[in-house]
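Predicted model only: the values in this text are computed from it and were never measured.
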Amino acid sequence: MKMKQKVTDRIRRNMPPAPAVATRTLAYASRHRAPPPPPPQLLAAAVAVGARPRKRSPGRFAAAPLALVGRPSSSSSRLFAGSSLLSQMERYWTGRGINSNKGLVEQLQNYGIMRSKKVAEVMEKLDRGLFVPEGTPAYVDSPMPIGYNATISAPHMHATCLELLENNLQPGMHALDIGSGTGYLTACFAMMVGLQGCAVGVEHIPELVADSVKNVQRSAAAPFLKEGALSLHVGDGRLGWPEHAPYDAIHVGAAAPEIPKALVDQLKPGGRMVIPVGNIFQDLKVVDKNSDGSISVRDETSVRYVPLTSRDAQLKGF
């Protein structure tokens with residue numbers, strides 16, 4: 001008990017005040033009422049998986065997220081996969097008592113995670129509960145396992161990526177979703193680019209692709225699949241999907257050791273890609289292709305995703 005209290009006391013001394021502790025998902029708290037501070041046990045849990053506080057970053061965000069210290073276990077990696085690194089605390093603040101898709105969207109808005117009306121409209125229309133395994137708490141702000149050592153990302157990461165790509169998901173544009181999993185984000189893309197656009201999902205697990213088609217067919221995105229504006233394919237996402245290139249928007253749902261050249265080549269000038277990059281330490285990078293073909297890259301936030309790898313490596317547990 002004494003050792004546990006020492007760890008908790010050390011975290012309290014070194015971490016900023018509660019409203020500023022939050023990752024980017026709570027970084028807009030100045031516009032909203034601050035959430036209650038997490039219990040000491042939850043702060044200690046963050047240390048248990050190897051998290052450490054970082055200095056506040058200047059600019060528009062109130063605070064930087066946590067970064068991992070040392071290699072997490074495979075179980076903790078899957079726990080955090082597709083999330084910012086304070087997702088356990090976020091679940092404490094934003095996941096309690098939510099049992100509807102509308103409630104989830106409203107909660108993301110209340111905490112400043114979601115600012116775009118268009119993104120809110122799409123995420124409210126597309127019920128997340130149709131894209132997670134049966135019995136899974138669909139409306140908790142947390143990544144969820146979907147089988148085959150894969151996950152569906154946390155809702156706050158979906159909202160973040162959709163907002164980062166919003167200007168490149170206008171009606172008639174082309175969008176590519178690498179590691180499409182259950183099909184949720186690809187369906188969001190389709191609803192944003194419309195019937196005149198093109199939303200493509202690529203996933204290397206055939207069973208997940210088959211399930212994702214069924215998920216879309218019973219969702220609000222079904223007309224886009226029927227009309228061919230949305231398509232889901234089995235393939236190696238590291239190679240992209242040249243058939244419908246170039247793309248205005250590319251999203252990658254797994255962490256690459258470096259930005260894949262094939263995906264940069266398939267990005268249209270003026271296009272944008274959002275991709276987690278790194279191994280132990282991962283950053284969500286925003287890649288913009290300029291009119292002359294050069295690229296500009298910036299870091300958005302620290303994250304934890306499963307690796308972008310081969311099908312065999314994924315099935316073996318990386």
Side-chain angles (χ1 to χ4, degrees), residues 24-26 78-84 87-88 90-148 150-166 169 175 177-193 199 201 203 205 208-225 230 232 251-254 274 303-306:
R24 181 187 184 278
T25 61
L26 295 178
R78 285 190 287 272
L79 170 67
F80 283 111
S83 69
S84 61
S87 60
Q88 285 187 315
E90 289 155 7
R91 289 200 296 277
Y92 172 77
W93 282 321
T94 66
R96 298 176 297 169
I98 299 176
N99 55 14
S100 71
N101 197 63
K102 183 177 181 180
L104 170 62
V105 171
E106 289 176 348
Q107 195 80 332
L108 294 175
Q109 290 176 309
N110 290 340
Y111 283 103
I113 299 164
M114 183 187 295
R115 299 177 296 170
S116 164
K117 291 182 179 179
K118 180 64 176 178
V119 171
E121 177 185 328
V122 167
M123 287 187 66
E124 187 171 329
K125 285 183 179 178
L126 197 66
D127 191 344
R128 179 179 165 89
L130 300 176
F131 291 84
V132 299
E134 186 176 353
T136 300
Y139 309 115
V140 174
D141 188 16
S142 170
M144 296 292 173
I146 58 174
Y148 309 97
T151 63
I152 179 173
S153 295
H156 72 264
M157 288 308 303
H158 283 150
T160 296
C161 292
L162 286 170
E163 291 199 351
L164 288 170
L165 292 170
E166 182 175 5
L169 293 171
D177 183 23
I178 299 300
S180 51
T182 65
Y184 176 80
L185 202 62
T186 315
C188 288
F189 286 174
M191 295 180 70
M192 294 183 76
V193 301
E203 168 61 53
I205 305 296
L208 286 178
V209 175
D211 287 345
S212 68
V213 171
K214 295 176 183 177
N215 296 339
V216 172
Q217 287 174 335
R218 56 181 180 164
S219 77
F224 301 94
L225 184 67
L230 189 167
L232 297 156
H251 165 267
V252 182
V274 175
V303 291
R304 187 68 195 171
Y305 278 76
V306 296

Residues at least two apart in sequence or cross-chain that pass side-chain hydrogen bond (donor to acceptor under 3.5 Å, both in side chains) with S100, listed by chain then number, are none

Tell me, do M157 and Y305 make a side-chain contact under 4.5 Å, heavy atoms counted?
yes

Using side-chain heavy atoms (C-beta onward) and a distance below 4.5 Å, is L232 in contact with E203?
no

Working to the nearest 0.5 angstrom, can you tell me the gap between K118 NZ and C188 SG?
11.0 Å

Verdict with reasoning, V119 to M192, per side chain to side chain contact (heavy atoms under 4.5 Å, CB included)
CA-CA 8 Å; V119 171; M192 294 183 76; 4.2 Å; yes

State, yes or no, whether a side-chain contact exists between V213 and L225 at a heavy-atom distance under 4.5 Å.
yes

Inter-residue atom distance L130.CG - S219.OG, 0.5 Å rounding
6.5 Å

Give me the atom names and distance for the closest heavy-atom approach of G129 to A138.
CA-CB, 3.5 Å

Would a 4.5 Å heavy-atom cut-off, applied to side chains only, mark L185 and S180 as touching?
no

Nearest 0.5 angstrom please: D141 CG to I98 CD1, how far?
7.5 Å

What's the shortest heavy-atom distance between N215 and T182, and which atoms?
ND2-O, 3.1 Å

Where is the tightest heavy-atom contact between L162 and F189, given as atom of each residue plus distance?
CD2-CE2, 3.6 Å

Rounded at 0.5 Å granularity, tell me how far OG1 in T186 sits from CZ in F224.
13.5 Å

Scan for salt bridge (Lys or Arg N to Asp or Glu O under 4.0 Å) pairs involving residues 122-131, sequence neighbours excluded, and state none if there are none.
E121-K125

In short, A120 meets V105 closest at the heavy-atom pair O-CG1, 4.0 Å

Contact between L208 and I146 at the side-chain level, heavy atoms closer than 4.5 Å - yes or no?
yes

For residues G183 and S212, report the shortest heavy-atom separation together with the two atoms involved.
N-CB, 3.7 Å

Could you point out which residue of M114, K102, Q109 forms a side chain to side chain contact (heavy atoms under 4.5 Å, CB included) with M123?
M114

Side-chain H-bond candidate by donor/acceptor type, E163 with S116, under 3.5 Å
no

Once rounded to the nearest 0.5 Å, what's the spacing between atom CG of L108 and atom NE2 of H156?
9.0 Å

When every non-hydrogen atom of S153 is compared with those of H158, the smallest separation belongs to O-CE1, 3.4 Å

Could you grab the distance from atom OG1 of T151 to atom CZ of R304, nearest 0.5 Å is fine?
11.5 Å

pair Y184-V132: side-chain heavy atoms closer than 4.5 Å:
no

